[in-house]
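Here is the structure we will look at.
Numbers restart at 1 for each chain; the letters A, B, ... are given by sequence-line order, proteins then strands. Since the structure is predicted, the reported quantities are computational estimates derived from the model, not experimental observations.
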Amino acid sequence: MPVVRLSQAFVPTLKEAPADAQVASHKLLVRAGFIRQLGAGIYDYLPLAKRTLTKIEAIVREEMDAIGGQEFFLPALHPAEIWKESGRWEVMGDNMFRLKDRKGGDYCLGMTHEEIFTAVARDELRSYRQLPQVWYQIQTKFRDEPRPKSGLLRVRQFTMKDAYSFDVDRAGLDKSYEDQRRAYERIFTRCGLDFVAVQAHSGAMGGSESSEFMVRTDAGEDLVAACPKCRYAANTETASSRLPAEQDGAGLAKPEKFATPGVVTIESLAAPPYGVAAKRQLKTLVYVGDEKLYVAVVRGDQELNEAKLQTATGAQVLRPAHAEEIPPLMGARAGSLGAVGFSKVHVFVDPSLADRKDMVTGANEDGFHLRGVDVRRDVLTGPHAKLAELRTVRAGEGCPRCDGTLDVFKALEIGHIFKLGTKYSESMKATVLDADGKAVPIVMGSYGIGVERIMAAAIELHHDENGIRWPLSIAPFQATVLTLGPEPELKQAADEIVKALSDAGLEVLHDDREERAGVKFKDADLVGIPLRIAVGKKGLAEGKVEWKLRGDKTVELVPVGEVARRAVERVRAGS
RNA sequence: CGGGGAGUGGCUCAGCCUGGUAGAGCACUUGGUUCGGGACCAAGGGGUCGCAGGUUCAAAUCCUGUCUCCCCGACCA
């Protein structure tokens, strides 16, 4: 293996982290000389980062190839037409980078490649005999994130391994999906990540089922609900929970209007003189999904989860209604809304409310509420009103699968796999002939991994106050040798050890700079290479050098002649 | 998009309120002394103070506009 000499290498370490870095991985990647920022959510990957990313990609490739994946490399620049075929030219909205060519034609930078791979499949696949196919690439993706943040965790240009499976039927898809799921587990495990696979929301991808691979860290932006007792784990965008039963009174024969001047919040109705507990109130919200209005009802103390409402409505794009859109529909302004007797648009009601009686809600008349509302009798009055999971689960609520209690924690999404079904093959007319000679749409799956996120997640999980502690598998180098002084005998001994390690097949970073020992130790800790060999006068006098693993506190003296053998053993053993 | 903050040498920041010579630490260059956990001394190099207007005898500093970056929220495979 070639050796990299730090005196010649470009590894610009910093004593101080940039002021705008918040999370550990961002600070350390910058300080340790891995990345520099070019713009909001756009980063330069310097040589150390490139080495680690290449290693991650190699692991991904091996595991993709092991399940029969075939690597492609498709364009990042796409004509608009192909995105218009699937309908996602509109769906992606401002999140898509768009541009025009010199002739005025519309183009975009790829956010993902379902359309492009599906086009290849449509144009070339003819028979079920050619299936299944598993195709993948490692490609740059572009997403105009509204708010890039946290270093490499949320960016506008990043590398994704995206894979697509093409099967003739659902059973084939189930197997392809399972293959990917297992490959993902191997990939993340090999990269040194603790992760959980969770049930997820499919969002703009569409499809029937999806799982996210999550790393538990406060640097993440997703919330996962998990049961410590059984295996249940789900993104809060889809998680459900058991709520304790509420005791309702008999209520009234029909809802009764009462005056509540100026009361437009759950809190003020809960306060004297009204004293209606938030749990006894119905919160009525108006949303706009794909230009259509929807009403959603959750309990007063609960929070609507927009991803769940999106699932319920089937809308591609969902947003809260603007204040001025509400009165023409409801007859009252936000704060006095209710769904009693309301059937102008679809009404979605959280299932936990189905059997509740004696509830209080807005009267759809400014300044009035209704009491004695029986949800089934007064709200679920026809086909316009449907039960749908809407509320955001909270820590401490019951597990939906067992009698355990849910834990809710922040997590970072590093991979997401989807059963797409025929969404793209139908819209883009990708069919094959089945065994009966009938044209059937190809059944697809889509599988993504964020390469930089693996790197950043590894740091979030493995670092200390001195720097990064790379898992061996993705460290930029496996070993670093420090020459602790200018003496010729030290240089000579270090050179020999470096050569021995390198000849033994290790990737070695040799700190041969004319720096003081302290500087070298600090930088070595910062950069985080797993094995550190320090060649100093004291040890060398006895024919020994210092052996230290980045994760350990102890330093061991090892005879010069044994270093290479031990290092090889260590690397073979992993970590 | 709403709210907040910040743009001054490569990095971290002071100076701005109260206009008048552009500063510190780190980094860099040279020389010397050091040499096992981010050394010390000395001498240097390096800044259109984000950009554009305006006010003024005079603008890093005051005013207007604009761009960029960061944070919170909204939003988001």
Side-chain angles (χ1 to χ4, degrees), chain A residues 12-23 26-27 30-33 36-43 88 91-96 110-114 141-151 153-156 158 160 162 200-207 210-214 221-222 235 237-238 287 306-307 310-311 316-320 322 413-418 420 423 446-450 453 465-467 482-487 490 511 513-527 532 534-541 545-546 548 553 555 557:
Chain A
T13 57
L14 262 25
K15 283 188 184 176
E16 291 177 280
D20 51 27
Q22 311 284 319
V23 301
H26 186 194
K27 290 179 189 167
V30 173
R31 281 193 60 209
R36 288 294 185 264
Q37 181 171 21
L38 181 63
I42 311 174
Y43 285 86
R88 293 206 295 182
V91 171
M92 291 309 191
D94 290 339
N95 237 19
M96 182 180 256
M111 309 175 62
T112 174
H113 281 71
E114 279 75 19
K141 304 291 193 239
F142 298 89
R143 296 182 188 181
D144 193 359
E145 290 287 345
R147 196 176 144 210
K149 58 183 287 200
S150 304
L153 295 184
R154 189 163 208 78
V155 292
R156 300 197 292 174
F158 61 99
M160 177 184 270
D162 48 320
H201 174 64
S202 298
M205 294 293 294
S210 82
S211 293
E212 286 168 329
F213 291 81
M214 296 290 209
E221 298 176 13
D222 284 288
N235 193 306
E237 291 177 341
T238 71
Y287 272 77
E306 292 186 359
Q310 187 187 14
T311 302
Q316 298 279 11
V317 180
L318 188 75
R319 63 165 172 83
H322 299 142
E413 177 187 355
I414 50 174
H416 199 160
I417 60 179
F418 300 85
L420 296 177
K423 173 183 160 108
S446 162
Y447 316 93
I449 287 179
R453 277 192 180 180
E465 63 282 5
N466 296 315
L482 314 186
T483 309
L484 297 183
E487 292 81 358
L490 287 184
D511 191 348
R513 294 175 300 172
E514 293 180 14
E515 288 288 353
R516 299 161 63 85
V519 172
K520 297 192 179 191
F521 286 134
K522 287 290 184 188
D523 273 347
D525 285 348
L526 223 204
V527 173
R532 186 189 85 189
V535 182
K537 266 181 298 199
K538 289 177 209 161
L540 202 58
V545 294
E546 284 172 32
K548 182 174 179 300
K553 289 209 168 92
V555 178
L557 283 174

For B:U68 and A:Gln37 - does any side-chain N or O of the residue sit under 4.0 Å from the phosphate oxygens OP1/OP2?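 Result: no.
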Set of residues satisfying ring-ring contact (aromatic ring centres under 6.0 Å, His included) with respect to A:Phe213, sequence neighbours excluded: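 Listed in chain order: A:Tyr184, A:Phe188.
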Any protein N or O atoms within reach of nucleotides 9-14 of chain B? Criterion: under 3.5 Å, listing atom names and distances.
residue, atom, partner, partner atom, Å
B:U12, OP1, A:Ala19, N, 3.2
B:U12, O4', A:Glu16, OE1, 3.4
B:U12, O2', A:Glu16, OE2, 3.2

Return the nearest nucleotide to the side chain of [X]; candidates are [options].
X	options	answer
A:Ala517	B:C75, B:G36, B:G38	B:G36
A:Phe521	B:G36, B:G38, B:C69	B:G36
A:Pro486	B:C35, B:C70, B:G38	B:C35
A:Val519	B:C71, B:C35, B:G38	B:G38
A:Arg31	B:G38, B:C70, B:A74	B:G38
A:Arg516	B:G37, B:G38, B:U34	B:U34

Using the test salt bridge (charged side-chain N to carboxylate O under 4.0 Å, His left out), find all partners of A:Glu145 that sit at least two apart in sequence or belong to another chain.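 Applying salt bridge (charged side-chain N to carboxylate O under 4.0 Å, His left out) to A:Glu145 gives A:Arg154.
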Just to verify, what does [X] make a side chain to side chain contact (heavy atoms under 4.5 Å, CB included) with, not counting sequence neighbours?
X	result
A:Ser446	A:Glu114, A:Tyr164, A:Met205, A:Phe418, A:Leu420
A:Arg319	A:Val288, A:His322, A:Glu325
A:Thr13	A:Val11, A:Asp523, A:Leu526, A:Val527

Need the pair for B:U21. Rule: Watson-Crick or G-U wobble, both distances under 3.5 Å, any strand; none if unpaired.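 Check on B:U21: unpaired, no WC or wobble geometry under 3.5 Å.
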Return the pairing partner of B:C1 with a 3.5 Å limit on both distances, Watson-Crick or G-U wobble; otherwise return none.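 Its partner is B:G73.
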Separation of the P atoms in B:C67 and B:C51, to the nearest angstrom: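 One P to the other, the span is 15 Å.
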Which part of the nucleic acid does [X] contact within heavy-atom distance under 4.0 Å: base, sugar-phosphate only, or nothing?
X	value
A:Glu212	nothing
A:Met96	nothing
A:Lys520	nothing
A:Arg513	nothing

Side chain to side chain donor-acceptor pair (under 3.5 Å) involving A:Glu487 - partner list, sequence neighbours excluded: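 Applying side chain to side chain donor-acceptor pair (under 3.5 Å) to A:Glu487 gives A:Lys537.
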Can you list the residues that meet the side chain to side chain donor-acceptor pair (under 3.5 Å) rule with A:Lys149, with sequence neighbours excluded?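 Side chain to side chain donor-acceptor pair (under 3.5 Å) check on A:Lys149 returns nothing, list empty.
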Short heteroatom pairs, N/O only, protein and nucleotides 28-30 of chain B, under 3.5 Å:
none

In whole angstrom, what separates A:Lys15's NZ from B:A27's P?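 Atom-to-atom, A:Lys15 to B:A27, this comes out as 4 Å.
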